[in-house]
Every structure is written in C-alpha cells, then in structure tokens.
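First comes the structure, then the notes that go with it.
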Amino acid sequence: MTDLVDEDAASEGERWLSRIAVGLAEMGRVSAANGPESKRWRYPGQAALLAAEGRLFTPASEPVPDGRLGALGECWFNASVFADDHPGAVYVEGWAMAVLGFEMPHAWCAVGDTAIEPTAGWAGPVVYLGVPFSAAFRRQQYERYGVGSILWEAEVSREWFRDGFPPGAIAEGVGRPLPPVENRAAG
C-alpha cells in the first residue's frame, strides 16, 4: 500500500465520503421522483452516479512521479495530459476531499487503486472517489466537446446522467469499490 500522511484518517475519510455519496444519492432519487424528466434518469445527480459507478483511490505519497504539476484550476487538462504521457495511468473524474473536509469536483489519474495527482495544490491527505474512464472514451469525448470535464460540464454530462455510460467507457480493474454504508436509520 502507498504511504499516506495518516492512514487511519484516510480510511475514516473514505467511509465519510462514501456515506456522503450514498446519502446524497438517495436524496437525489427522492427529489427526482418529483421531477417529470429526471425521474427516468439512470443517475439523478452527481452523488447517485458516484455511488453507483465510483471507485475509491488512495493518494500516492508524492503528487506525480516526474515532478510536473499542472496549474490549479485546470485539473481536467492536467489529468488528461498526464494520462496521455504515462502509459498505465488512467484518467479519473469525481470528488476529491481533504480528510474529513468537503468534497469538490476534481480530476486525477490512477494506477490501480493509487491516485496520482497532477495538479498543484492537491498534495497531502486527500480522499478520492471517482469514475475511471478508458482512454478511448476520454479521447472520444474530447474530440466531440473539447478538453474539459466529462462528468461536471452540463452539455457533456447530461447524456451520462440520463442514459448511463456506453460499454467500454469505464476502465475496468481501477480503484476500489465503496465500503458498505451503515444504515443509521435502523437500530
């Protein structure tokens, strides 16, 4: 396992982020039930998509192996360039969260279940929950829409929230599934 600043805090952060995703996904489903269009959507919001398709990633002890960090605020571009330049690195989008902080839309790369952070300012104890995309799917989306977010730009993501992803869009064998979320209502 990759060295972390605080392994216990990261594990707690993963449980916390999983609870957030699952809880918000359920709220999204309830809210969508009242909307004429979105109630037929496969994922009625970001949290529902991440709860269903997301994977957890452990931060690497160093941001990037070759020391090149891209500009803060350009994570989609930074991660895309890094994935293209490093065979075996997979582009991922989702939420990044400082341990027990708040979740933010973000993009990074992964090798297995290790998050490789190509954006300056994101080093340290961070929890990552995201969808790993195949290189072919990512490139197809960029040819269609230009470089940017696959999940968070409305023009691009509407199709995925409504219909789900086509076969081969999500990279297999990357990241870890979310841990079970305890049901606080029972008991």
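Within the 4.5 Å cutoff, the side chain of Ile170 has heavy atoms near those of the Val131 side chain. Contact of the Pro105 side chain with the Trp76 side chain is registered, since non-hydrogen atoms from C-beta on lie closer than 4.5 Å. When side chains are defined from C-beta on, Thr119 counts as touching His106, because their heavy atoms get closer than 4.5 Å.
Considering only residues two or more places apart in sequence or on other chains, Gln141 meets the side-chain hydrogen bond (donor to acceptor under 3.5 Å, both in side chains) condition with none of them. Remark: Tyr142 pairs with Tyr91 by the side-chain hydrogen bond (donor to acceptor under 3.5 Å, both in side chains) rule, at least two apart or across chains. Under the rule for a side-chain contact (heavy atoms from CB on, under 4.5 Å), the partners of Val90 that lie at least two apart in sequence or sit in another chain are Pro132, Ala171, Val174. Qualifying side-chain contact (heavy atoms from CB on, under 4.5 Å) partners for Ser157, counting only residues two or more places apart in sequence or in other chains: Phe161. Qualifying side-chain hydrogen bond (donor to acceptor under 3.5 Å, both in side chains) partners for Asp163, counting only residues two or more places apart in sequence or in other chains: none. Qualifying side-chain hydrogen bond (donor to acceptor under 3.5 Å, both in side chains) partners for Glu74, counting only residues two or more places apart in sequence or in other chains: none.
The closest donor-acceptor contact from the side chain of Asn78 to the backbone of Ala71 lies under 3.5 Å. A donor-acceptor pair is defined here as one N or O able to donate and one able to accept, closer than 3.5 Å; such a pair exists between the side chain of Glu153 and the backbone of Ser149.
Classification of the Trp108-Tyr128 ring pair by plane angle, with boundaries at 30° and 60°, yields tilted.
Aromatic ring centres of Trp160 and Phe133: separated by at least 6.0 Å.
Contacts classified as salt bridge (charged side-chain N to carboxylate O under 4.0 Å, His left out) and involving residues 128-139 (residues at least two apart or in different chains) are given here: Asp84-Arg138, Asp84-Arg139.
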